Q: 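What follows is a single structure, and I will ask about it in a moment.
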Amino acid sequence: MIYDLSRAERQHRAIATESAPPILIRKLCACGKASTAKQLAQHGKCAACALAAVRDAIMPGDFAKLQHMLGAVQQYPKSKWGWRNYFAASSGQQHEAMQRLVAAGLATTGRTCGDMTYFYATRLGCKAAGLDGAGIKRAMEDDDGC
Ligand SMILES: [Zn+2]
């Protein structure tokens with residue numbers, strides 16, 4: 001009985017916290033979701049909104065290329081995603097797609113190899129492609145290509 005009471009008390013407190021004004025380190029994004037002050041200072045929005053804004057800045061086909069870049073595709077289990085991190089593009093549509101990813105902060109331009117330019121996903125790109133922490137670490141360590 002005592003246990004039940006304390007649990008009810010905890011639940012009550014959780015609800016009260018939710019509707020209370022945000023405490024110092026937690027602030028609200030424009031979407032209404034709580035975010036950290038650091039995240040808001042750096043990006044001006046919560047992580048979800050930042051990713052949504054990035055997705056809006058690129059074309060749907062670009063996102064598939066980003067996923068391909070990281071091996072984050074259905075042929076591979078999610079635990080393997082990030083096993084590669086490069087995309088070789090010559091001029092034309094692929095190159096334009098890569099430059100949109102770079103402009104959106106999802107990829108960075110690497111070395112050139114003949115008429116091919118290598119592009120690599122950034123940490124944000126890895127996150128956008130759905131990689132988890134281990135996958136991002138894997139992708140950031142990959143230094144292949146060319
Ligand atoms: Zn938000």
Side-chain angles (χ1 to χ4, degrees), residues 3-112 116-145:
Y3 172 75
D4 280 344
L5 278 175
S6 70
R7 193 168 62 170
E9 164 68 11
R10 263 206 305 276
Q11 277 170 350
H12 177 74
R13 232 183 288 152
I15 292 162
T17 307
E18 245 171 36
S19 54
I23 55 168
L24 273 179
I25 54 157
R26 305 285 295 178
K27 296 203 167 171
L28 287 184
C29 169
C31 72
K33 260 192 265 173
S35 190
T36 62
K38 188 181 165 213
Q39 164 79 23
L40 289 177
Q42 275 180 351
H43 303 283
K45 39 182 103 79
C46 71
C49 283
L51 273 184
V54 158
R55 286 205 176 103
D56 284 348
I58 60 173
M59 315 275 273
D62 300 349
F63 194 65
K65 288 185 181 64
L66 176 67
Q67 289 172 310
H68 170 77
M69 179 188 264
L70 290 162
V73 287
Q74 282 187 340
Q75 292 101 291
Y76 304 101
K78 203 170 175 183
S79 58
K80 291 262 192 298
W81 289 6
W83 61 271
R84 56 169 282 166
N85 182 9
Y86 69 91
F87 190 105
S90 55
S91 55
Q93 279 190 353
Q94 288 200 326
H95 200 268
E96 284 165 24
M98 286 302 116
Q99 298 209 297
R100 279 194 296 274
L101 291 177
V102 171
L106 298 174
T108 176
T109 311
R111 65 199 125 175
T112 49
M116 301 295 263
T117 306
Y118 280 80
F119 294 88
Y120 308 95
T122 60
R123 200 162 269 280
L124 182 66
C126 292
K127 258 190 207 168
L131 270 64
D132 58 14
I136 293 172
K137 189 166 183 282
R138 230 184 342 266
M140 288 294 114
E141 280 167 359
D142 184 85
D143 198 19
D144 276 349

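Both counts, for ligands and for their atoms, begin at 1 and track the order of listing. The model shown is predicted, which means the values in this text are computed figures rather than measured ones. These values consider heavy atoms only, across backbone and side chains, with no hydrogens, waters or symmetry-generated copies.
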Q: Can you give me the closest heavy-atom contact between M69 and A107, atom names plus distance?
A: CE-CB, 4.2 Å
Q: Give me the ring orientation class for Y86 and Y118: parallel if the planes are under 30° apart, tilted from 30 to 60°, perpendicular past 60°.
A: tilted
Q: Between L70 and R84, does a side-chain contact (heavy atoms from CB on, under 4.5 Å) hold up when you go through it step by step?
A: CA-CA 5 Å; L70 290 162; R84 56 169 282 166; 5.8 Å; no
Q: Taking the Zn ion (ligand 1) as the center, what protein N, O or S atoms are found at less than 2.8 Å?
A: C29 SG, C31 SG, C46 SG, C49 SG
Q: Please lay out, stage by stage, how I136 and R123 fare under the test side-chain contact (heavy atoms from CB on, under 4.5 Å).
A: CA-CA 7 Å; I136 293 172; R123 200 162 269 280; 3.7 Å; yes
Q: Taking the six-membered ring for Trp and the full ring for Phe, Tyr or His, determine whether the centres of Y76 and W81 are under 6.0 Å apart.
A: no
Q: What are the two closest non-hydrogen atoms of L131 and A72, and how far apart are they?
A: CD1-CB, 3.8 Å
